[in-house]
Amino acid sequence: MSVSCFTSTNSHLCKFLRTTGRDWRNTIYIECGDCQRAVSRSCKNLLCAFDTAGAPVIVPVHDVEYLFSTTVDKSECRAILTKANFCELYKGWIDAHIRDPYACPLNDLYVNWDVPNPSAVRIFLNQ
């Protein structure tokens, strides 16, 4: 069994990179705070961009820091929102797409248990 430091899958990370123009600064920084429903410690804070259909593309800050070999400074993002404010603003979409009402409402937007390959995403970054 392979162990990955990523929470997101390869295809999701590639979608995130396309959506942000390969620049994590083109995102909304979502401060989760002390979440009792977090699926792992790596999902502590999130970055969000929106695809062409207006759907949120969310990736944990931890994944972006690993991918870009940098520390994400939230002040460099386009906006900063608490998770509660983000969920309230995007409530209609989240309610229509949530699978587990007891889990974090943003959980389904980035968690997938496939093990991503960091090399595949790095190749996309260099294209």
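Quantities reported herein were computed from a predicted structural model and do not represent experimental measurements. One is the number of the first residue; the rest follow in order along the sequence.
Rounded to the nearest 0.5 Å, atoms CZ (F16) and CG (D51) are 12.5 Å apart. One distance of note links CG of L81 with CD of E31; it measures 8.5 Å at 0.5 Å rounding. Between the CG atom of N85 and the CD1 atom of I30 there is a distance of 10.5 Å, given to the nearest 0.5 Å. Between atom OG1 of residue T19 and atom CG of residue L47 there is a gap of 12.5 Å, rounded to the nearest 0.5 Å. The CD1 atom of I94 sits 9.5 Å away from atom CD of E88, with the distance rounded to the nearest 0.5 Å. For the atom pair CG of L13 and CG of L67, the computed distance is 6.0 Å after rounding to the nearest 0.5 Å.
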Evaluation steps, side chain to side chain contact (heavy atoms under 4.5 Å, CB included), between N45 and C32: CA-CA 5 Å; N45 294 308; C32 293; 4.1 Å; yes
Residue pair F68, L17: steps toward the side chain to side chain contact (heavy atoms under 4.5 Å, CB included) verdict: CA-CA 11 Å; F68 285 95; L17 292 169; 3.6 Å; yes
Steps toward side chain to side chain contact (heavy atoms under 4.5 Å, CB included) verdict (N26, R78): CA-CA 6 Å; N26 293 328; R78 298 289 180 190; 2.7 Å; yes
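The shortest non-hydrogen separation linking W93 to A55 is CZ2-CB, 3.7 Å. Contact between D73 and W24 at its shortest, heavy atoms only, is N-CH2, 3.6 Å.
Using the six-membered ring where Trp is involved, F86 and Y90 have ring planes that are parallel, under 30° apart on the 30 and 60° scheme.
For the pair C48 and T27, the minimum side-chain heavy-atom distance is 4.5 Å or more.
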